[in-house]
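Hydrogens, waters and symmetry mates play no part in the numbers below; they use all other heavy atoms, side chains included. Just so it is clear, the structure is predicted and the values come from calculations on it, not from any experiment. First the proteins, then the strands, lettered A, B, ... as listed; each starts at 1.
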There are 2 protein chains.
Amino acid sequence: MATDPQMRSPETYGEIDPRIEALVHDLIAQVADKWTMILIEVLHDHGEQRFTRIAEKVPGISQKMLTQTLRQMERNGLVVRTIHPVVPPKVEYRLTDLGVSLGEAFCGVWTWAEDHLETVETARRGFDGRATA
Amino acid sequence: MATDPQMRSPETYGEIDPRIEALVHDLIAQVADKWTMILIEVLHDHGEQRFTRIAEKVPGISQKMLTQTLRQMERNGLVVRTIHPVVPPKVEYRLTDLGVSLGEAFCGVWTWAEDHLETVETARRGFDGRATA
DNA sequence: ATTTATACTAACCAAAAAGAGAGTGTGAAA
DNA sequence: TTTCACACTCTCTTTTTGGTTAGTATAAAT
């Protein structure tokens, strides 16, 4: 019995390099993150923006999450952060090419969701109906 | 000040139907879920499998998460669950066409991650280096 | 002299998600 | 007769996540 998650049995779904896999999961988890997706969208549609302008365009986000998400995106090279040394502070965020390309890669999933919206909702209703009965 | 997340100002990134958007986020959040992705992969590579066989192929997953994730996938129409009324119980899970198509839609992101792995890691090292300095 | 704007960080708290472990029903094998 | 396999469910605890609030520096505007 392999209780150690580090240990992989030969039966483990395993032709893929675990390093790649980790990064893939990681990246997808981050991008699929509610806010990251929205921020990519906003930055793509409106171009370079400063902190408060972004916040205004994303209702419901807290300062904390905005900062956190932008930092993460910066760390991954999805945005560049430009500090203008003026007072009051001015910081601008811009999508990098990498950020843009990630947005595009995600279009596949996005359009899948649009295309199969009805199917999924029908499946859900069916399942919920069966469960109630 | 619009503190109500339901209320959308005209400046809100807003040409998209919010119903579609909600479902898209929802779906992506679910698919991007660590386990769902892995389960799609396993079921795709190995075909119809029963509960314990799946568990063996996914080290680190708890019974709880396996059940939960499979149920969610079933509800969304990504898998079908077949109960064989024997004892001890035998339940098999199979990817639906919808499930397969979702896996394919996700390939774009998957390959993006593979293609840009180096870029992302470099960006991270740069960021972390700057932070330490 | 007080207020305002900006882009944050830090501390604290509540809620949600996930893990661990025990329990369940049943028939066949030992 | 005890044990075992299977596919769970239930409960309890831990971890993670996110929100809220307060605070900071500084110069310009009032």
Side-chain angles (χ1 to χ4, degrees), chain A residues 1-7 25-26 28-39 42-43 48-75 79-94 127 130-131, chain B residues 1-6 25-26 28-39 42-43 48-75 79-94 127 130-132:
Chain A
M1 213 185 285
T3 35
D4 185 344
Q6 236 61 28
M7 196 176 185
H25 288 156
D26 211 72
I28 292 181
Q30 254 171 55
V31 159
D33 169 81
K34 187 180 175 184
W35 301 126
T36 304
M37 264 199 304
I38 295 179
L39 293 190
V42 168
L43 254 20
E48 193 169 35
Q49 297 274 315
R50 53 196 299 194
F51 191 83
T52 307
R53 301 302 135 247
I54 299 175
E56 286 168 3
K57 291 183 183 59
V58 184
I61 198 168
S62 64
Q63 276 195 340
K64 185 183 175 180
M65 289 315 294
L66 183 52
T67 307
Q68 208 173 97
T69 310
L70 285 170
R71 281 297 139 74
Q72 209 174 34
M73 292 172 77
E74 190 196 356
R75 185 169 115 92
V79 298
V80 272
R81 177 161 172 266
T82 314
I83 307 168
H84 303 271
V86 295
V87 66
K90 180 174 184 182
V91 180
E92 288 184 303
Y93 294 91
R94 179 171 47 82
F127 182 92
R130 260 170 281 143
Chain B
M1 218 185 281
T3 35
D4 184 347
Q6 236 61 28
H25 287 158
D26 211 70
I28 293 181
Q30 253 170 56
V31 158
D33 169 80
K34 186 182 176 182
W35 301 126
T36 304
M37 264 198 304
I38 294 179
L39 294 189
V42 168
L43 254 19
E48 193 169 34
Q49 298 274 312
R50 52 196 299 194
F51 191 84
T52 308
R53 301 301 135 246
I54 300 175
E56 286 168 4
K57 291 183 182 60
V58 184
I61 197 168
S62 64
Q63 276 194 341
K64 184 184 173 181
M65 289 315 293
L66 182 50
T67 306
Q68 208 173 96
T69 309
L70 284 171
R71 282 297 139 74
Q72 209 176 36
M73 291 173 77
E74 192 196 356
R75 185 168 114 92
V79 299
V80 272
R81 177 162 172 266
T82 313
I83 307 169
H84 304 272
V86 296
V87 66
K90 180 176 184 181
V91 180
E92 290 183 304
Y93 294 90
R94 179 173 46 82
F127 181 90
R130 260 170 280 142
T132 317

Student: Identify, with sequence neighbours excluded, every residue that meets side chain to side chain contact (heavy atoms under 4.5 Å, CB included) alongside B:Gln72.
Tutor: B:Gln30, B:Thr36, B:Asn76

Student: If you compare every side-chain N and O of A:Arg50 against the phosphate oxygens of C:dT6 (OP1, OP2), does one of them come in below 4.0 Å?
Tutor: no

Student: Check whether any side-chain nitrogen or oxygen of A:Arg81 sits under 4.0 Å from OP1 or OP2 of C:dA7, and answer yes or no.
Tutor: no

Student: Please identify each residue that fulfils side chain to side chain contact (heavy atoms under 4.5 Å, CB included) with B:Arg81, with sequence neighbours left out.
Tutor: B:Arg71, B:Glu74, B:Ile83, B:Val91, B:Tyr93

Student: Quick check for you: to the nearest 0.5 Å, what is the distance between B:Ile61 atom CD1 and B:Lys34 atom NZ?
Tutor: 8.5 Å

Student: Taking heavy atoms of chain B and a 4.0 Å limit, find me the 5'-most and 3'-most nucleotide of DNA chain D within that range.
Tutor: D:dA5 to D:dT9

Student: Evaluate the side chain to side chain contact (heavy atoms under 4.5 Å, CB included) criterion for residues A:Leu70 and A:Trp35: first the C-alpha distance (whole Å), next the side-chain angles of each, then the deciding distance (0.1 Å), finally the verdict.
Tutor: CA-CA 9 Å; A:Leu70 285 170; A:Trp35 301 126; over 6 Å; no

Student: One character per nucleotide, please: for nucleotides 10-30 of chain C, 5' to 3', B when the base has a protein heavy atom closer than 4.0 Å, S when only the sugar-phosphate does, - otherwise.
Tutor: --------BBB----BBS---

Student: With sequence neighbours left out, write down each residue that passes side chain to side chain contact (heavy atoms under 4.5 Å, CB included) with B:Gln68, or none if nothing qualifies.
Tutor: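 For B:Gln68 the side chain to side chain contact (heavy atoms under 4.5 Å, CB included) partners, ignoring immediate neighbours, are B:Lys64, B:Met65.
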
Student: Could you walk me through whether B:Val58 and B:Leu66 satisfy the side chain to side chain contact (heavy atoms under 4.5 Å, CB included) test, starting with their C-alpha distance in whole Å, then the side-chain angles of each, then the deciding distance to 0.1 Å, before giving a yes or no?
Tutor: CA-CA 9 Å; B:Val58 184; B:Leu66 182 50; over 6 Å; no

Student: Who pairs with B:Val80 by side chain to side chain contact (heavy atoms under 4.5 Å, CB included), at least two apart in sequence or on another chain?
Tutor: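 B:Arg94, B:Thr96.
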
Student: Could I get the full list of side chain to side chain donor-acceptor pair (under 3.5 Å) partners for A:Arg53, not counting sequence neighbours?
Tutor: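 Once residues adjacent in sequence are excluded, the partners of A:Arg53 under the side chain to side chain donor-acceptor pair (under 3.5 Å) criterion are A:Glu56.
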
Student: A:Thr67 side chain N/O closer than 4.0 Å to the phosphate oxygens (OP1, OP2) of C:dA7?
Tutor: no

Student: If the helix axis at each end comes from five base pairs, how far does the helix from C:dA1-D:dT30 to C:dA30-D:dT1 deviate from straight, to 10°?
Tutor: 30°

